[in-house]
J.: 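The structure's right below; bear with me while I get my questions together.
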There are 2 protein chains.
Amino acid sequence: MSSTAKCSPHEPGDKQNDKPDNAANHKRNHEEPMSTTPQSMPRRATITDVAREAGTGKTSISRYLNGEISVLSPELRARIEAAIARLDYQPNQMARGLKRGRNRLIGMLLADLTNPYSIEVLQGVEAACHALGLMPLICHAANEVEMERRYLQLLTTYRVEGVIVNATGVREETLRPVGGGGIPAVLVDRLVDGLVADMVGLDNRAAAELGTRHLLDNGFDDIWFVVQPFEQVSSRQLREAAFRETMSARHAEGGNSGGEGAARGHTLVLNLADAGEVERGLAELDRAIDAAAGAAGKPARIALFAANAPVALRLALHLKARYGADWQARAALLSIDDPDWAELTGVTTIRQPTYEIGYRAVEFLHERIEGIQTTARDCLLPGELIVRASTLR
Amino acid sequence: MSSTAKCSPHEPGDKQNDKPDNAANHKRNHEEPMSTTPQSMPRRATITDVAREAGTGKTSISRYLNGEISVLSPELRARIEAAIARLDYQPNQMARGLKRGRNRLIGMLLADLTNPYSIEVLQGVEAACHALGLMPLICHAANEVEMERRYLQLLTTYRVEGVIVNATGVREETLRPVGGGGIPAVLVDRLVDGLVADMVGLDNRAAAELGTRHLLDNGFDDIWFVVQPFEQVSSRQLREAAFRETMSARHAEGGNSGGEGAARGHTLVLNLADAGEVERGLAELDRAIDAAAGAAGKPARIALFAANAPVALRLALHLKARYGADWQARAALLSIDDPDWAELTGVTTIRQPTYEIGYRAVEFLHERIEGIQTTARDCLLPGELIVRASTLR
DNA sequence: CTGTTAGCGCCTTCAG
DNA sequence: CTGAAGGCGCTAACAG
């Protein structure tokens, strides 16, 4: 019944010509049409207006605005304050920016807003910007290289003083205008091949090792590391490599702690962007799980190590669909990233210090903007293992 | 093991006071300036540079930039294009903005980035901006009125052409500079008391009614509507009111469809920001659940209707902690908003057309910016009921 | 202490 | 078709 739009929903792509009329049938009745046009909006006061109002020159106003208050006679200062208040004056950042060559804007380029990781980092960025008097321009590349390029372009067009980049994962050329030769930049989570710049992110090697050892220590001897295509993304590479190395290290140490024989490690690549591939990958996993189950009446010894939250979610959804509510009895799940639902479903995770990462990134960038001159720095923050029922037996 | 930071993590709260002075000192003490900006970053080309390079005047360049190409001789045009390419010239948005009085910037004020709703809306906003040649400045008020005020201030300082506001839910005065008399604004999800402005959001009444009827139709006769404090937030108000009305309407129609007697409806307010209150509220819920269970060996007849995802999550976490993995046998959960984990846990939801909401909001704003003159418009989009195991019996 | 004078990079009449 | 001149709002030398 009542599930029709009270105003025609937007159809991406279709130009609707019905704007005026649908507005009519909603009544929050305001008699006078609200006017937003030039004439009704009384042009904000400028520094000149204030100067006139205060009976002084623009310079003094400017001085006042820039905190050189000690240089102004108390009397003048009072007049200025009064004038500013009276006119509700607010300096125009664009104009100041134009003049001094710095507008306090920085760009934040996100590969994927859909990933909770991005959001959390964003909060750190946001907080740090606030503390440092910077203003972040957020751009969402939606995992498309072309978008990334365009946004970067746009950002330089706005003359941002620096950029924080969580790259979609591609060759350096896309980021040409940035880093070394161009405007200051700091990378988040992942490196970009030929690009020298500061970077801050998770200590991937340590995290992957931590997770793998946890699984091993809890007696899982068949571990699948599931990860999105990682050729282009350094963080994924590192995680995968550390996983394999830890597996073989343990092997060398003499099998798992249970002493029942060597643990096997597999890497499964899941391209979430391609339904077909995902299908195939999951099928492979299913075979492994079924085989493990068929072996004995004992509890599952197979574990899935998801390289990040999106992968973990995909896995969980699949397992749930295939094995029902009790899917965790069939396979243990461990994930890097600690999404909402982990606590709810009892999935073990390695939480990234996302807020810190964002905050640090801005601090680094700020230093660069201020002109600090150092070789590119890396900041690797540790992950925190949060053990939940999923990986305990 | 190796879980120490490879670089000192940021301590939130420690103010470093060494920014201004050490920068200055260094410059004075060493002959070679360590500043990055001057020589290493070769100052972007300006329109004047291009003009010189092309052997023409700035005017022609400007014309070219503004698409008045038909007015230029092919020959000149070619020279200009060459010069632009050679210098890698990109027009300075700030400067153009200063001149023409519009900088294509709009503000997006979010009450709570933590809420998946905000993120999804953001994506719609982002897409629409892209399509309309606007650039969104994202601000996160973190549910604090003061933040909201400061950001709004900041935004006007950057002379944004309009604002999209998902208010923390307060009196109009905070938003004084916006709407009617000030810069164009459109509200998202919720109204702000004395403020006349366009608004786009969910059709709350219809959604709440839809959910309530679904519960009723599935035989639940003890329904708890759980919502955050709603005095200040219009959307919550509407949902709660619609819930109650639907309950009494059904009552009047002659009890629930099961015919076993009148269904009872309760409203529980859960202030997520206050652990103590949450504790108390949940305890009340527990009593109700236990009572319902004690009544008979039959399946639970009690249902929880969460007014939004954060509430639903809180409820689910609590129930899981209290009743274990099988918590859904004790109480059905239905939520407005459709978060990730709903599918995973089989919780029924009412999905908001978040992307649309964001997209529409920008379209409205754009129209205002272009000077459209109408009374404040409301755009109510329908929610979609997604039935999952949780509410089926 | 305070005001005057130049522009920052760009657009926009207004004359060639 | 093309260029010169003035100014958007603000800051930064220079004088007083």
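Note that the coordinates shown come from a computational prediction; the quantities given were computed from them, not determined experimentally.
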J.: If you apply the rule side-chain contact (heavy atoms from CB on, under 4.5 Å), what do you find for A:Asn66 with A:Arg100, and how did you get there?
T.: CA-CA 12 Å; A:Asn66 292 295; A:Arg100 16 161 81 145; 2.9 Å; yes
J.: From the set C:dC8, D:dC10, D:dT2, return the single nucleotide nearest to any side-chain atom of B:Leu72.
T.: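 Nearest nucleotide to the side chain: D:dT2.
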J.: Separation of B:Arg96 atom CZ from C:dC8 atom C1', in whole Å?
T.: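 For the pair B:Arg96 CZ and C:dC8 C1', the rounded distance is 16 Å.
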J.: Looking at C:dG3, D:dG3, C:dC11, which one has an atom nearest to any side-chain atom of A:Leu76?
T.: C:dG3
J.: Between B:Tyr151 and B:His140, is the gap from one ring center to the other below 6.0 Å?
T.: no
J.: Nearest of D:dT2, D:dT11, C:dC10 to any side-chain atom of A:Ile47?
T.: D:dT11
J.: Using a cut-off of less than 4.0 Å, is there contact between a side-chain N or O of B:Thr46 and OP1 or OP2 of C:dC8?
T.: no
J.: Taking CG from A:Asn92 and P from D:dG9, how many angstroms apart are they, rounded to a whole number?
T.: 8 Å
J.: For A:Ile80 and C:dG3, give me the distance from atom CD1 to atom C1', rounded to whole Å.
T.: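 The answer, rounded to whole Å, is 12 Å.
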J.: At a heavy-atom distance below 4.0 Å, what parts of residues 51-64 of chain A sit against DNA chain D?
T.: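 Result for residues 51-64 of chain A: A:Lys58, A:Thr59, A:Ser62, A:Arg63, sorted by number.
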J.: Which atom pair, heavy atoms only, marks the closest approach of A:Tyr158 to A:Leu105?
T.: O-CD2, 4.5 Å
J.: Give the rounded distance in Å between these two atoms: CZ of B:Arg102 and P of C:dC10.
T.: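 Rounded to whole Å, this separation is 18 Å.
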J.: Using side-chain contact (heavy atoms from CB on, under 4.5 Å), reason through B:Ile138 and B:Leu110 one step at a time and then give a plain yes or no.
T.: CA-CA 7 Å; B:Ile138 282 77; B:Leu110 261 355; 4.2 Å; yes
J.: Is the distance from OP1 or OP2 of C:dC11 to the nearest side-chain N or O of B:Asn66 less than 4.0 Å?
T.: yes
J.: Drop me the distance from A:Glu53's CD to A:Arg79's CZ, to the nearest 0.5 angstrom.
T.: 11.0 Å
J.: Given the ring of B:Phe364, does B:Arg377 sit roughly above its face, with NZ or CZ under 6.0 Å from the centre of the six-membered ring and within 45° of the axis?
T.: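 That pair qualifies as a cation-pi contact.
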